[in-house]
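One structure below.
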Amino acid sequence: MVIVNSYKGSHMVRGNPLLLLSYTLLCCKAVAVDQKMTPITISAKRIDRRPTSYQSQIFTAEDQEQSLDHSHLESIAKIPSISINGGSYRGSDAKIQIRGNRAEHTLVLFDDIPLNDPGMITETFVSGDWQNPWQTDLHILKGPQSVTHGPNALGGVIHFQTPEPNQLPKHRTSVEKTTQRSQTASHQQAFQIGSTCLLAGISGTDQSQQGIQNHITGNAYDIGFRSLSTGFHIRHKQFKSTWLFQEGRSPFDSRTPAQGGDSSQVTHRILGGIFYGNKEKGWHGGSHVQQTLRKDIGPYGGKNRGQLLGLQLGHTWSKARHQKLRLHGGVVFAKHNRPSVSIRQHRIFQAIEAIHPLTKKFIIEGGIRYDIIKGAKNSFNTSAGFSYLLKTGQLYSVAKTGFRPPSILQIYGGQFNRPNPNLKPESSIGLEGGYRYTQGQTQYNFAVFTQSTKNLIDWRNNQYINISRQQNWGIEVSASLPLQEDLTVGGGYTLLLAHAAPADKQPARMPKHKGLLNLEYTPSKTWAFVAEGIFQSATTDTAGGTHRLRGHFLGKLGATYKPTPQWDIFAKVENIANVRYETAYGFAGLPRFALFGATYKVMS
């Protein structure tokens, strides 16, 4: 298993997501085989590589803090091939799309616990309901990497993971304040008792952005969002357990209060898991639970009208054989209660994943997963690929076939009392190839990908229907270049060309062009400065007809002052150009605002 760690050298290293992107392989294969390998270590001084094709893109909790990102979702949104629609302030529609795939094709995990909401029609991840009580590492798998994660991961996997106990701060308190009447506070505490580590945390956000224009009426209105999250995480030798308890409230009506739009959505969520395993022997297993309760409250829906309940239970296991073969299996049960229907669903899956080095430089790999799903046609997902190590780089190629039956709630979507018998399962074929160049601190990455999906399920005319075919292909490029010891420049660009039959030229909410330019300057141990710009071309949205979402450029300036090893004092200005933009229909972006705050952290 390849692990990417980031640490500070003789001067303060301000890691940013793009720098991590360029230090890791763009796309190859899911991290799934635990092997006794020397980790890849990333710092300002050296990079070590191991001859393996298994890699994932990783942002550590420390990288997120150093990049001045407001959250891990902000880090994800900067990756050119990923789009997050909506925003945390209007979180009810903030969904993650990867490489032209729909949001329900992205599987989101937290310590192996699925976060995709079983109470939603498409079981998507809704970021506005997600409040993390402590800092986590982030692993991202795109496209063909995610085959063993099943039908809900055709586009990829976003995995939030609690760091190892020796990487956790003993004490961490952070406060943030913006000029848009938004404030966030969080506290986490770690306790070490013998070989047992307990991590407890609490975080809360109170947010209200003023002056955002309603693009329908032209009137200014306030948008509010409040959330509270508490949780704890326990590790003891071969055992770990994570539990979170969350409450969130956000508006879901785009009308102004004067127009009767003072309605809100209240969400209560409980999720947890108990896991066990032995990394040395290559096996692990565990059980998880997630329950989500949503209520629509206000003039629009009436008190407690439109209540939704989702419950999901699951058990998974994994076992490595001869360090080259891994077996997976599991069972998942889900229950969905909606205003007019109650639905149950269960699935059983088994998977095999293998890696075999033919020579010291040439490695082949493959994987297959088979799902037995109640009420749907059983599904196979497969992948195969190779990696070849060069003197200063790595060539790789991978292919994947995917199969996804319609979710039981998609079958009932739009007509809750009558199922739609005409929905067909989705099937896809994807190919990807790339090259990674490494020479000292200079990094270049290049990847070409394509994916063809038949019978894609989409929301049209107030119901889910099959689109005959969607074809995606694109190019991803990234680079990182140290101009001098304390100055680094990086950039990334994705071209996504897609066509969805019969008439769409580009998938909804997915830009044709997206790019990032980043500059980091660390003149001393106590000061660091970041300048960043993100460009995104125009997109469309199927909501409200085919609505055009204008392209935009977002600029950011930030600085951090570290007077002592325990204190970080930070400030940044977002959307310097002060452009009006939206990433989903009716969800206006923030105007220019400043954020400032401080973090006090004591390591164990």
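Just so you know, these numbers come straight off a predicted model, no measurement behind them. Numbers here simply count residues along the sequence, with the first being 1.
Summarising the geometry, atom CZ belonging to Arg99 is positioned 10.0 Å from atom CE belonging to Met510; distances are rounded to the nearest 0.5 Å. We find the CD-CG distance between Gln291 and Leu313 to be 9.5 Å, quoted to the nearest 0.5 Å. In this structure, CG on Leu327 lies 6.0 Å from CD1 on Ile352, to the nearest 0.5 angstrom. Taken from OG in Ser229 to CD in Gln131, the straight-line distance is 6.0 Å, to the nearest 0.5 Å.
For Gln471, the side chain to side chain donor-acceptor pair (under 3.5 Å) partners at least two apart in sequence or on another chain are Thr450, Ser452. For Phe380, the ring-ring contact (aromatic ring centres under 6.0 Å, His included) criterion is met by Tyr370, not counting sequence neighbours. In this structure, Tyr388 has no side chain to side chain donor-acceptor pair (under 3.5 Å) partners at least two apart in sequence or on a different chain. In terms of the ring-ring contact (aromatic ring centres under 6.0 Å, His included) criterion, residue partners of His552 (sequence neighbours excluded) are, by chain and number, Tyr581. With sequence neighbours left out, Arg102 forms a salt bridge (Lys or Arg N to Asp or Glu O under 4.0 Å) with Glu104, Asp458. Residues satisfying the salt bridge (Lys or Arg N to Asp or Glu O under 4.0 Å) criterion with Lys240, sequence neighbours excluded, are Asp112.
Taking 4.0 Å as the cut-off between side-chain N and carboxylate O, Lys400 and Glu432 do not count as a salt-bridged pair.
Residues Leu154 and Gly402 share a closest heavy-atom pair of CD2-CA, 3.8 Å. Scanning both residues, Tyr396 and Ala447, for their nearest heavy atoms gives OH-CB, 3.6 Å. Here the closest heavy-atom approach between residue Thr136 and residue Pro163 is recorded as CA-CD, 4.2 Å. Taking both residues in full, the closest heavy atoms of His315 and Ser287 are given as ND1-OG, 2.8 Å, listed atom of the first, atom of the second, then distance. The nearest pair of heavy atoms linking Pro425 to Asn455 is O-CB, 3.4 Å.
Arg369 forms a cation-pi arrangement with Phe349, by the criterion of a distance under 6.0 Å to the ring centre and an angle within 45° of the ring axis.
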TODO: Evaluate the criterion side-chain hydrogen bond (donor to acceptor under 3.5 Å, both in side chains) for residue pair Gln290 and Thr292; output intermediate values, then yes/no.
DONE: CA-CA 7 Å; Gln290 180 194 158; Thr292 302; 3.3 Å; yes

TODO: Run the numbers on Ser387 and Gln394 for side-chain hydrogen bond (donor to acceptor under 3.5 Å, both in side chains), then give the verdict.
DONE: CA-CA 7 Å; Ser387 178; Gln394 185 177 26; 2.6 Å; yes

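A donor-acceptor pair shorter than 3.5 Å can be found between the side chains of Asn337 and Ser342. For Asn472 and Gln470, the side-chain atoms include at least one donor-acceptor pair closer than 3.5 Å.
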